[in-house]
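Here the structure is laid out as structure tokens; the discussion comes afterwards.
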Amino acid sequence: MPTDNAQISQDIIQAYDVSSRWMQANYYEGWQEAYRSIHCRVAEKTYKTGPKKGQAIKNRTNVALPDQFVMRRKKVARLTAQPPNLRVHAKDQITKDKVSALLYRQWDLGGWQKVLRQMVDQCAVLDWSVSKTSWNDVVVYRKLRRATKNLYRSQLMMLEGAPAEEILAAEEQAPLLDEQEIIQALAKYGPEVSLRLPISKYEGPIGERVFNGDIFPEPGFKSIHQAAFVIEYSERDFAWLDYWARQTGCDPDTGEEGPVFDPKVIAEIKDEVDSDKVVPRRTIDLRRDLRDSLKITDPTLQLDGRLRGPRCPIYERHSIMSDGRIRIDWCYNKDKLLGKMLYPWDTYGKYIFNELVLIPDLLGGIGQSTIGASRYLAQLRNTNRNLTTDFLGRLMRPKMKRQEDCEVKEEDFERDGFSEMVVSNMAGIEPLSDPRFPSEAFLDSQILTREIMQVEPLINDFSPGTDANPQSGKLATTAIFQQKSADAIVNDELKQIDCWLYDVVNLSLAMTQQSMQKKVDIQKGVYERTDALSIMSGGDVRSISVDPLEIQQDLEILPETGSTLAADDEFKTQKIMNGYILAKQDPLNFNSKPFAKKLA
């Protein structure tokens, strides 16, 4: 791997170009159709030949049915109804209790439930979804009152406007004020002062869903952790650049500690970006393609950069070195490398990106989705419905045959109450007879509906058919078989979600073991999913205190299959009922009380 900064930035841009072209050639068109279908839109129909070639056809129905929308809605709502149950494997029960409480706290405060919903949503529509895990210290500032005699040295210096570096040094050397300094502070500020104090709300792993158009792995990758590189594209402001300029990391080429970003390069980028305040448009942009599919304008075209401040494009490449360590390189373009660093954690050979694939593909990498698999069926169903609507419309207002000498006004054809048509010749006008509506059209519609239900059993309808709705009625046995088929598919998708959850929570645990510095107190009742408080203080504890050194052992987190479903979900309750029946039949080996509690 090259060590020259210019060569590194050129390699990043070249890898980005190759990966983006590969993604566009193989996936973007299908994703564009899927995005259009979930919004119940269709591509505009135009004349192919003749004087109106290229113009939109206005006299034919061209709408989409909501099948794809219902697929997405039901799948996401069912699979992400609740946070997951996480089972901890540890050497002793106390450690299991504490790690369990800590994990649920991190799940809530790290925003992982929102990420779970976004991941399943994007995967259900665009075949593939990627999350990113990072460590963050969330600090909020509160204006609070303090007694002057109880001030710390750092608080007094903050009140006097001292630089942050001097305040930090004072905290380490002499945190308390002496008697003379207290007297001077009382004389200057009085008995009470107001301070804007930093308060740490949360320190731990946080998650985010990466949009499919912003992530670019190695072309032809089998899985994201086996890819030679993963590049994330983003647009950042100057505050983000300044933040990373203050951070320190290990240089992967020299092994020395230093600033992650080069201040000189940041100054050059600020001068260049501040001059025009416009982010260059990417040649290949999935967001733009999806907007174009719905004819939504690009919000950045008419937006003055001064309204939101200058932004700059950032290419962030994660790659595995020859010794197995993982490095990050940031560049602005092929000439400017912002910085580079090694992962600050040992992630055991895995990236901080984790992928979710609900339906794996034989070639690996990006998978499949029911929306993508049924898109041609949906097109046939839309066409069938549009043709039926047009035929019924022609029956209501048929095409008329008129003699040349028979005069009729256009408004006479409007169907209003007690309307009349005035003609000069009673035999000079008559309707053109259309062919009879074929009964096969209803059968064709029924077949297409059944085929789509086979692709996605979640949208099955067990209501009996009628003359108006030509659906075959469902016998009870048929409904049961179809429900079991749907449950089998749901179980398979839940297993895929478990694979993603396993990677995410174990990566978060590794980060926590290596980066957690402060003891955390978790109050009982704050996080309802905190279980296993039984052995501490007879099961009546007020809080759990987790020290970083108490979790330094070989731990493994296993998600419980089906725990993200709703509590009253048929698939979930049936499994609990089966366990309850088994426990009643064999009370010596199984305890029926946990099952009964969940069923109550």
Side-chain angles (χ1 to χ4, degrees), residues 1-16 132 134-139 141 154 157-158 161-172 196 198 200 203 206 208 214 229-280 282 305-319 321 325-345 352 511 515 517:
M1 185 170 289
T3 58
D4 179 62
N5 289 351
Q7 186 62 47
I8 293 175
S9 58
Q10 291 176 12
D11 290 348
I12 294 174
I13 298 300
Q14 181 181 3
Y16 167 79
K132 184 179 182 182
S134 57
W135 188 268
N136 194 17
D137 187 3
V138 180
V139 178
Y141 286 86
S154 59
M157 296 178 68
M158 190 183 304
E165 295 78 7
E166 296 181 7
I167 295 176
L168 184 62
E171 286 181 346
E172 297 176 354
R196 188 169 179 267
S200 179
E203 182 183 11
I206 61 171
E208 62 176 313
D214 295 333
F229 63 84
V230 180
I231 298 176
E232 181 188 5
Y233 172 86
S234 59
E235 295 177 4
R236 303 293 186 176
D237 55 14
F238 289 170
W240 184 85
L241 296 176
D242 295 336
Y243 169 81
W244 280 103
R246 297 190 300 267
Q247 305 304 309
T248 59
C250 180
D251 191 301
D253 298 322
T254 63
E256 299 177 354
E257 286 282 337
V260 176
F261 281 7
D262 188 345
K264 295 181 180 179
V265 177
I266 292 179
E268 295 175 1
I269 293 176
K270 286 183 177 180
D271 294 338
E272 180 178 336
V273 174
D274 199 29
S275 61
D276 51 23
K277 298 184 176 66
V278 175
V279 178
R282 291 188 286 172
R306 293 173 299 176
L307 298 178
R308 67 169 186 173
R311 303 288 176 91
C312 51
I314 301 297
Y315 302 87
E316 177 182 328
R317 182 185 68 177
H318 298 240
S319 56
M321 302 174 64
R325 295 181 298 173
I326 302 178
R327 62 183 288 164
I328 312 177
D329 301 279
W330 293 268
C331 77
Y332 171 70
N333 54 32
K334 63 181 181 180
D335 299 321
K336 291 183 174 62
L337 183 72
L338 276 166
K340 50 190 175 180
M341 65 175 288
L342 291 172
Y343 271 12
W345 322 276
I352 59 175
M511 289 182 175
S515 301
Q517 302 294 331

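Just so it is clear, the structure is predicted and the values come from calculations on it, not from any experiment. Scope of the values below: all heavy atoms of this structure, side chains included, with no hydrogens, waters or symmetry mates.
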Do the side chains of [Y] and [X] get nearer than 4.5 Å, heavy atoms only?
| X | Y | result |
| --- | --- | --- |
| Tyr332 | Glu268 | no |
| Lys270 | Asp242 | yes |
| Gln247 | Met341 | no |
| Ile13 | Cys331 | yes |
| Lys132 | Val230 | no |

Quiz prompt | Test side chain to side chain donor-acceptor pair (under 3.5 Å) applied to Ser234 - qualifying residues, sequence neighbours left out | solution = Arg236

Exercise. With sequence neighbours left out, write down each residue that passes side chain to side chain donor-acceptor pair (under 3.5 Å) with Trp244, or none if nothing qualifies.
Key: none

Quiz item: Can you check whether Trp240's main-chain N or O pairs, donor with acceptor, with Asp237's side chain at less than 3.5 Å?
Solution: yes

Self-check item: Donor-acceptor under 3.5 Å (Tyr343 side chain, Ile352 main chain)
Solution: yes

Exercise. Calculate, to the nearest 0.5 Å, the distance between atoms OG1 and CZ belonging to Thr248 and Phe261 respectively.
Key: 13.0 Å

Exercise. Could you grab the distance from atom CD1 of Ile269 to atom CD1 of Ile314, nearest 0.5 Å is fine?
Key: 5.5 Å

Exercise. Sort and list the pairs that fulfil salt bridge (charged side-chain N to carboxylate O under 4.0 Å, His left out) and have at least one residue in residues 256-267, not counting sequence neighbours.
Key: none

Quiz item: Within 45 degrees of the axis of the six-membered ring of Tyr141 and under 6.0 Å from its centre: does Arg196 put its NZ or CZ there?
Solution: yes

